[in-house]
Amino acid sequence: MSSLKDKMKPAGSASQKPASVSESFRSPVTDETVTKPLNVRVSEELKTEIKLYAAAKDIKLQDLVTLAVSEYMERHP
């Protein structure tokens, strides 16, 4: 009879490392681009406006900001 611990182990090889908590809750990166955090301060009103815009367009906030900054830099070399 197997123990409760054995039943709770993930299927697969015993040497497979379980995912960390942060890995479990992050969405997988879909391409080869490595991303890094970037913190900026904006007014509360602008933050709300950006979040609402992203939600209305059904895109991630991160994708919206990345696209906006990239387009700005292309237009203002």
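Every value quoted in this text rests on a predicted model; they were computed, and no experiment measured them. Basis for what follows: all heavy atoms, side chains included, without hydrogens, waters or symmetry-related copies.
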Indicate every side-chain donor-acceptor pair of residues 64-71 with a distance under 3.5 Å to a residue at least two apart or in another chain.
unit_1: Thr66; atom_1: OG1; unit_2: Gln62; atom_2: O; d: 2.8
unit_1: Ser70; atom_1: OG; unit_2: Thr66; atom_2: O; d: 2.9

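- Residues Tyr72 and Leu38 are members of separate hydrophobic clusters, defined by side-chain heavy-atom contacts under 4.5 angstrom among Ile, Leu, Val, Met, Phe, Trp and Tyr.
- Distance NZ/Lys47 to CG/Leu61: 8.5 Å, rounded to 0.5 Å.
- Side chains of Glu45 and Glu49 form no contact here, defined as non-hydrogen atoms less than 4.5 Å apart.
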